[in-house]
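Reading through the structure tokens given below for one structure.
In the text below, chain A, chain B and the rest are named by the order of the sequence lines, each starting its count at 1.
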2 protein chains.
Amino acid sequence: MKNLSLKQLRYFEALALHSHFGRAANACAVSQPALSVQIRDLEISLGAKLFERGARRARLTSFGEEFALRVRLILRSVDELSELALASRDRLVGRLRIGIIPTIAPYLLPAIIGNMTRMHDGIDLQIRETLTPQLVEELIEGRLDAAIVALPISEPSLTEVTLFEENFVLVRPDRDAGKPVPNRKALREMKLLLLEEGHCFRNQALSFCNIASSRPREILDASSLATLVQMVGAGMGVTLIPEMAIAVETRSAPVSIARFSAPQPTRTIGMIWRKTSPLSKQLIEISEIVRQSAAALEPCDQALAATPDTLAQQP
Amino acid sequence: MKNLSLKQLRYFEALALHSHFGRAANACAVSQPALSVQIRDLEISLGAKLFERGARRARLTSFGEEFALRVRLILRSVDELSELALASRDRLVGRLRIGIIPTIAPYLLPAIIGNMTRMHDGIDLQIRETLTPQLVEELIEGRLDAAIVALPISEPSLTEVTLFEENFVLVRPDRDAGKPVPNRKALREMKLLLLEEGHCFRNQALSFCNIASSRPREILDASSLATLVQMVGAGMGVTLIPEMAIAVETRSAPVSIARFSAPQPTRTIGMIWRKTSPLSKQLIEISEIVRQSAAALEPCDQALAATPDTLAQQP
DNA sequence: TCACAGTGATAATTTGAAATTATGAAAAAT
DNA sequence: ATTTTTCATAATTTCAAATTATCACTGTGA
């Protein structure tokens, strides 16, 4: 037994409307026999007559009327499907799940969320903040659509786009503000406070100092940059933070910021997503929004650049 | 651009469920390429990707999930269509519009309605009581599904089935109860009360008496058998009524009933419907119900038969 | 009553869509 | 590196659906 088709339902609706095979066929832009046969097949597959064929007109049986009610609803729902597709063709729609590493999130998120909701109104933006390996795993498993991390990730299944480069700056107690900026070697002898194991920023800082991350040191690990800065303010040592964090984190502690000379420590922040993601087009667009959001934070950087060696920031 | 089909939606649903082309195809009892191509075509015609093809599994995009929600509802509605058809295949369903002539309706209707609702629970039975020409017209126009009338109708477009034969009996004032039953000739000289013009029963009665319906007579036409009987009870004349009406109509008037001898006046009651009606099968079944409903009224007839010449009915 | 127009069903044929089998390419697993 | 898994693609076949042509039935009007 053949299955009923949408085409049959559309023919049926037309015939129910026109009560006339010829006119209904015309409305469907097909020949009369085409419609006749489809209606007949529909009735056969239903096992019930839908129309009563009179000499002058075809009228619905009571079953046909019952049927027509439901068919109308179904066809309208199907039409809505196409409309839905049309509406969400270029516009980003629905849920978008983005992961961000903790050493970026607090500083970039407000701007990102603001710009995203402004440019893609009605989007359901879900943010997940956690460490890079976790983000990559969730991304690969399809539990995230994209992630903002430090590059490179070097997962072959992921696309990476660079968002921006950011320098690290030295954070030291206020009383050290005037002192010369230590070089990498000198830094190695100082009490360097770091984030706890797992943060990519920890390894990036260590690698700048040429310290093997495995090497045992008398360091107190913190779980956030905010804590690190507070620890520095309390005179427990020095630390590095991404320049993006300066504005937020140094406001509430008696610390001074110093930019390193020449071979500045730096890292590349980028966005990653599955190569197979059908959102690629939109994600590239989103990466541009993120890039602009980050650039809008630059003024603070400019200020730093103006006083290349040291810069004190007071609460 | 090709239109989307139910088949595509079913394939889509299967793939959304299994997240795997091979298994989804298997579930649909088709080959994997068949399903792949249909999904691809669906995505093309929508202009949006529904699935993200990973190496290990195909997962829904967020648009795909939105889509799946709607598709699920649509497919369930379509499935219901078939179920609806199945349910109403043999069972009579929905509205059934039956017309009945006034000289039958009051006596047969209670039984018909009772039996119909008992045997076809949930049916929407609509009854129309009016004169034969009106019923035939409405039937032909499709405003009625069937009618119960006196045969023959001789409309080539209508099917007629006989339900039963019913005799006419003489109704005369109580005081005449003992008198001999008049024959047709004697009846012609009596004051015969009749229904008003238009009732088939009027003509049937006249024709029994061999009186041309056009011939002017000093008769007072009534609009119902009930009125006729009351008029007889008031001594205004005699009348004929169908035997089916005896029980109901003679209960509240001082009249006596007399059955005619040998060539009893009679009429054939039948059911008619459009030859083209797809309800034919069910209507035949219904005619059987009506026939049985009428037969169940017989006991009254039996009583008459036991006292062949006269029978007095008192309130 | 007889042709005639209107209407829908049916048949033969063509067209087109969707299935199958076979095969290829990419990624994952071994 | 090799094998396996998985999906896409191509060529072909199969089946459904369209078209044109024609017939049968109905009701209408001359």
Side-chain angles (χ1 to χ4, degrees), chain A residues 1-12 14-16 18-45 49-60 137 140-142 154-159 274-278, chain B residues 1-12 14-16 18-45 49-60 136-137 140-142 155-159 274-278:
Chain A
M1 173 158 295
K2 222 171 17 179
N3 252 340
L4 59 88
S5 67
L6 276 185
K7 197 177 299 196
Q8 288 175 331
L9 297 188
R10 295 208 185 274
Y11 288 180
F12 166 79
L15 183 54
H18 290 99
S19 301
H20 187 286
F21 282 74
R23 279 189 281 280
N26 198 48
C28 296
V30 294
S31 66
Q32 170 263 315
L35 189 134
S36 282
V37 168
Q38 287 304 316
I39 296 293
R40 175 171 56 78
D41 289 354
L42 178 58
E43 289 178 327
I44 289 173
S45 83
K49 284 258 179 279
L50 292 167
F51 294 93
E52 179 185 338
R53 277 80 159 166
R56 49 179 49 266
R57 64 205 223 92
R59 69 168 64 84
L60 283 169
E137 182 189 330
I140 290 176
E141 283 177 12
S154 300
E155 273 287 335
S157 64
L158 300 181
T159 296
R274 291 181 300 279
K275 279 182 178 152
T276 53
S277 173
Chain B
M1 173 155 298
K2 223 172 18 179
N3 253 338
L4 61 95
S5 68
L6 277 185
K7 197 176 301 198
Q8 289 175 331
L9 297 188
R10 295 206 184 274
Y11 289 179
F12 166 78
L15 183 54
H18 289 99
S19 300
H20 186 285
F21 282 75
R23 280 189 281 280
N26 198 47
C28 296
V30 294
S31 65
Q32 170 263 314
L35 189 133
S36 281
V37 169
Q38 286 306 314
I39 296 294
R40 175 172 56 78
D41 289 355
L42 179 58
E43 289 178 328
I44 289 173
S45 83
K49 283 260 179 276
L50 292 167
F51 293 94
E52 178 187 339
R53 278 83 159 162
R56 48 177 51 266
R57 66 208 218 92
R59 69 169 63 83
L60 283 169
V136 170
E137 181 189 332
I140 289 176
E141 283 178 11
E155 273 287 337
S157 65
L158 299 181
T159 296
R274 291 181 300 280
K275 280 182 176 150
T276 54
S277 173

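- Take B/Ala25 and apply the side chain to side chain contact (heavy atoms under 4.5 Å, CB included) test, not counting sequence neighbours, and it matches B/Val30, B/Gln32, B/Leu35.
- Nearer to the 5' terminus of DNA chain D, by closest-nucleotide assignment, is the contact made by B/Ser19 (compared with the other of B/Ser19 and A/Val37).
- Taking 4.0 angstrom as the limit, A/Arg40 places none of its side-chain polar atoms (N or O) nearer than this to OP1 or OP2 of C/dA9.
- Heavy-atom distances to DNA chain C give each of A/Pro33 and B/Asp41 a nearest nucleotide, and the one nearer the 5′ end belongs to A/Pro33.
- In this structure, the NZ atom of A/Lys275 is 7 Å from the P atom of C/dA27, given to the nearest Å.
- Between B/Ser36 and the phosphate of D/dA8, there is a side-chain N or O to OP1/OP2 separation shorter than 4.0 Å.
- C/dG6 atom P lies 15 Å from atom CG of A/Asn26, rounded to whole Å.
- Under 4.0 angstrom from either OP1 or OP2 of D/dC7 there lies at least one side-chain N or O belonging to B/His20.
- Among the protein residues, A/Tyr11 comes within range of the sugar-phosphate backbone only, with heavy atoms under 4.0 Å from sugar or phosphate atoms but none that close to a base.
- Counting atom types as modelled, B/Gln38 pairs no side-chain N or O with a base atom of C/dA18 as donor and acceptor under 3.5 Å.
- Closest contact between the side chain of B/Arg53 and the listed nucleotides C/dT7, C/dT20, D/dA8 involves D/dA8.
- Sequence order on DNA chain C of the closest nucleotides to B/Ala34 and A/Pro156 puts B/Ala34 first from the 5' end.
- What you find for B/Gln8 and B/Asn3 is that their closest heavy atoms are OE1-O, 4.1 Å.
- Smallest separation of non-hydrogen atoms from A/Leu50 and A/Glu43: N-OE2, 2.8 Å.
- For the pair B/Leu35 CG and D/dT9 P, the computed distance is 14 Å after rounding to whole Å.
- Within the structure, a side-chain polar atom (N or O) of A/Lys7 is placed less than 4.0 Å from OP1 or OP2 of D/dA18.
- In this structure, B/Ile39 places its CD1 atom 15 Å from C1' of C/dA19, rounding to the nearest Å.
- When rounded to the nearest whole Å, the span between CD1 of B/Ile44 and P of C/dA18 equals 12 Å.
- Looking at every heavy atom in both residues, B/His18 comes nearest to B/Ala27 through CE1-CB, 3.4 Å.
- One atom, CZ of A/Phe51, and another, P of C/dA9, lie 11 Å apart when rounded to the nearest Å.
- A/Leu15 and A/Ala58 make their closest contact through CD1-CB, 4.5 Å (heavy atoms, listed as atom of the first residue, atom of the second, distance).
- In this structure, A/Arg59 atom CZ and C/dG8 atom P are separated by 12 Å, rounded to whole Å.
- One interatomic measurement links the two molecules: CG of B/Leu6 to P of C/dA18, which rounds to 12 Å at whole-angstrom precision.
- Closest-nucleotide positions on DNA chain D for B/Gln32 and A/Ala29 were compared, and the one nearer the 5' end corresponds to B/Gln32.
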